[in-house]
Amino acid sequence: MFQAKPLTFQLESSHVAFAALYLQGIAFNHYTALLRFDPNSLVLSNWQAFAQEFSSKFGVFDTVAEAEENLYNLWMCNDKRFTIFIVRFEKEAYKTGWNYNALRFALRCALPQRIKDVLRLAPKQPSYDSYKALVTQINQRYWEDRSEYSAPCAPWNPSRNSNWQSGAAAGNQTTGAAPPPNPAVRPLIGRGPANVS
């Protein structure tokens with residue numbers, strides 16, 4: 001950020017002031033206490049001193065362990081989309097330094113049962129990226145099917161079916177051919193009068 005706007009962030013104190021905008025909770029309270037009670041502190045004017053002070057007091061001591069813990073506690077809910085979940089997953093996963101086999105295993109553990117059931121039938125994927133691609137396809141198909149089945153079904157009406165009408169007008173239909181039967185109307189087999197004469 002500082003290199004992208006060298007004129008704005010010429011002074012190291014401007015680096016400190018910008019970073020202080022993102023402090024929260026006890027770290028913010030510590031910063032305001034320094035401003036109030038020790039305004040000449042090197043921490044307020046030197047970027048390295050600021051970074052060392054705040055990372056030693058409020059930073060994460062073991063970022064790998066924290067990322068691993070976050071991965072163990074990360075689960076994809078059944079009603080969520082994989083494309084959103086994988087961004088959160090990989091944000092933590094790449095901090096761990098795990099190889100792709102370990103990441104694939106952790107990802108599989110975090111997936112909902114509906115995806116795991118399909119993965120059991122699929123061939124084993126040779127890489128982490130191909131595994132992600134397969135899971136993406138499975139999840140997309142799930143949401144496509146879900147939207148198809150939740151859409152209201154209207155009875156088929158050949159007089160409204162423009163594709164059938166345009167085909168008949170172009171001579172693609174045989175003479176005297178009737179439109180396809182209405183799939184919504186099924187004959188009731190074994191019902192009604194047995195012999196009507």
Treat each ILVMFWY residue as a node, draw an edge where side-chain heavy atoms are under 4.5 Å apart, and state whether [X] and [Y] are in one component.
X      : Y      : result
Phe28  : Phe54  : yes
Ile84  : Ile138 : no
Leu134 : Tyr100 : yes
Trp98  : Trp75  : no
Phe105 : Phe82  : no

Report the distance from atom [atom1] of [X] to atom [atom2] of [Y], rounding to the nearest 0.5 Å.
X      : Y      : atom1 : atom2 : answer
Ser56  : Phe58  : OG    : CZ    : 8.5 Å
Leu71  : Cys109 : CG    : SG    : 10.5 Å
Gln137 : Glu144 : CD    : CD    : 10.0 Å
Lys57  : Ile26  : NZ    : CD1   : 10.5 Å
Lys132 : Ile86  : NZ    : CD1   : 5.5 Å
Arg146 : Arg114 : CZ    : CZ    : 8.0 Å

Taking atom NZ as the centre, does Lys80 end up with more than 12 heavy-atom neighbours from other residues, nucleotides or ligands that are less than 6.0 angstrom away? no

Atom CD of Gln113 with >12 non-hydrogen neighbours under 6.0 angstrom: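 Yes - once you tally the heavy atoms of other residues, nucleotides and ligands closer than 6.0 Å, there are more than 12.
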
Distance-only side-chain donor-acceptor flag, [X] / [Y], under 3.5 Å:
X      : Y     : answer
Glu53  : Tyr31 : no
Glu69  : Asn73 : yes
Asn139 : Arg81 : no

Is [X] salt-bridged to [Y], going by a charged N under 4.0 Å from an acidic O?
X      : Y      : answer
Arg120 : Asp117 : yes
Glu92  : Arg88  : no
Glu68  : Lys95  : no

If every non-hydrogen atom of [X] is compared with every non-hydrogen atom of [Y], which pair is closest and at what distance?
X      : Y      : value
Ala93  : Thr96  : O-OG1, 2.6 Å
Pro112 : Cys77  : CG-O, 4.3 Å
Ser130 : Gln125 : OG-CB, 3.4 Å
Ser55  : Ala51  : OG-O, 2.7 Å

Set out, in order, the CA-CA distance, both residues' side-chain angles and the distance that settles side-chain contact (heavy atoms from CB on, under 4.5 Å) for Leu119 and Arg108, then state yes or no. CA-CA 9 Å; Leu119 285 172; Arg108 183 179 180 85; 3.5 Å; yes

Taking it one step at a time, do Glu90 and Tyr128 satisfy side-chain contact (heavy atoms from CB on, under 4.5 Å)? CA-CA 12 Å; Glu90 288 183 341; Tyr128 174 71; 3.0 Å; yes

Measure up the Phe85 and Phe89 rings against each other and bin them: parallel (under 30°), tilted (30 to 60°), perpendicular (over 60°).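 Judged by the thresholds at 30° and 60°, the geometry between Phe85 and Phe89 is tilted.
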
Do the side chain of Gln48 and the main chain of Asn46 share a donor and acceptor less than 3.5 angstrom apart?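 Between the backbone of Asn46 and the side chain of Gln48 there is no qualifying donor-acceptor contact (under 3.5 Å).
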
Tell me if a side-chain donor or acceptor on Thr32 pairs with a main-chain N or O of Asn29 at a distance below 3.5 Å.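 Indeed, once roles are kept as given, a pair shorter than 3.5 Å links the two residues.
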
Does the pair Lys124 and Tyr131 meet the rule for a side-chain contact (heavy atoms from CB on, under 4.5 Å), with working shown? CA-CA 8 Å; Lys124 185 176 181 180; Tyr131 188 77; over 6 Å; no

Do the side chains of Val43 and Val16 get nearer than 4.5 Å, heavy atoms only? no

Does a side-chain heavy-atom distance below 4.5 Å link Val135 with Val118?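 No. Closest side-chain heavy atoms not under 4.5 Å.
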
Verify side-chain contact (heavy atoms from CB on, under 4.5 Å) between Tyr94 and Leu103, making sure each step is shown before the conclusion. CA-CA 9 Å; Tyr94 292 138; Leu103 290 180; 4.1 Å; yes

